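Below is one structure, written out as structure tokens, with a few remarks after it.
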Amino acid sequence: MLIVGICGSPKRKNSSTRFLLQKALEAASDVLSDGETKSATTLLLDISDFEIHQCTGCDACVRKKPCPESAEDDMPKIEEKLKQADAIIIAAPSYFTSVPGVLKDFMDRSRTMKMLDHELQDKVFGAITYAGLRYGGQEPVIELLHRFALAHGMIVAGGVGSPVKDGPFGSGAMQKDEGGWRSAKDDTLAISASQGLGKRIAELVKRLN
Ligand SMILES: Cc1cc2nc3c(=O)[nH]c(=O)nc-3n(C[C@H](O)[C@H](O)[C@H](O)COP(=O)(O)O)c2cc1C
């Protein structure tokens, strides 16, 4: 069983989104591995480590032809891992209440996997986000990622922790209520929601297997 996390932050260091994704994957790993073969059950991919060309809209994929861009960039490497996965978690910071361009390029290029007969169908999917502002577009980002997953025929899942305390997806903000800023490392609600999401996704993967 394999859960692949994609960090959609272009940031090379100290990404809050990446930190939350790690928390989700650790929680998932605990469920899947029973404490033994942890490294084998999860994989974190940083989107900024890959060269991803923009989709040119050529529609080769619609005609079930190989994407010409894939001959020249790293998209096949990501596709290979995603096809092996039982579940996919995408974590994205809010950029103008949407996802960063590099992640959107990946999403557009993933159309090939959809056109080649829903290669990501039935994979369990979860989303995580982080924003600068308390109300910085977290929910539009999550909704966008969920719609992406639905378009691929994935099974969108949310955490089910305390019905009165825990949200269904990983989400938080740098902005503190009392003023000032923090990283996700000090955002306890964002951490517990991300862990809850990872746990739930792993439980679903187990059940479906
Ligand atoms: C280009 C750009 C656009 C951003 N747009 C927003 C925004 O619309 N709302 C917001 O709250 N924060 C915005 N931010 C702040 C990021 O969401 C915030 O720094 C987040 O923690 C980055 O996550 P990371 O550390 O994982 O990269 C923006 C940052 C950048 C660089």
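This one's a predicted model, so the numbers in the text were calculated from it and none came from an experiment. First listed ligand is number 1; within each ligand, the first listed atom is number 1. When a residue number appears, it is its place in the shown sequence, counting from 1.
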Can you tell me if [X] uses its side chain to pair, donor with acceptor, with the backbone of [Y] under 3.5 Å?
| X | Y | answer |
| --- | --- | --- |
| Ser94 | Ala131 | no |
| Asp166 | Ser162 | yes |
| Lys114 | Ala151 | yes |
| Arg182 | Ala173 | yes |
| Asp74 | Lys77 | no |

**Prompt:** Among the heavy atoms of Ser94, does any lie under 4.0 Å from an atom of ligand 1?
**Reply:**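 Yes.
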**Item:** Taking every non-hydrogen atom, the tightest pair across Val205 and Ala87
**Value:**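 Smallest heavy-atom distance, with atoms named: CG2-CB, 3.6 Å.
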**Request:** Considering non-hydrogen atoms only, spot the tightest contact between Thr17 and Ala92 and give its length.
**Result:**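 So the two residues come closest at CG2-N, 3.3 Å.
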Considering heavy atoms of the protein only, find what lies nearest to [atom] and give residue, atom and distance to 0.1 Å.
| atom | value |
| --- | --- |
| atom 26 (O) of ligand 1 | Thr17 OG1, 2.4 Å |
| atom 30 (C) of ligand 1 | Tyr95 CE1, 3.6 Å |
| atom 27 (O) of ligand 1 | Ser9 OG, 2.6 Å |
| atom 5 (N) of ligand 1 | Phe96 N, 2.8 Å |
| atom 22 (C) of ligand 1 | Pro93 CB, 3.6 Å |

Does an N or O from [X], backbone or side chain, lie closer than 3.5 Å to an N or O of ligand 1?
| X | value |
| --- | --- |
| Ala131 | no |
| Leu133 | yes |
| Gly132 | yes |
| Ser16 | yes |
| Gly136 | yes |

**Message:** Can you name the atoms of ligand 1, numbered from 1 with element, that are less than 4.0 Å from a heavy atom of Met174?
**Reply:**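 By the 4.0 Å cutoff, the relevant atoms are 18 (C), 19 (O), 21 (O).
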**Request:** Just do the side chain to side chain contact (heavy atoms under 4.5 Å, CB included) check on Leu145 and Leu103 with the steps written out, would you?
**Result:** CA-CA 10 Å; Leu145 292 171; Leu103 184 66; 4.2 Å; yes
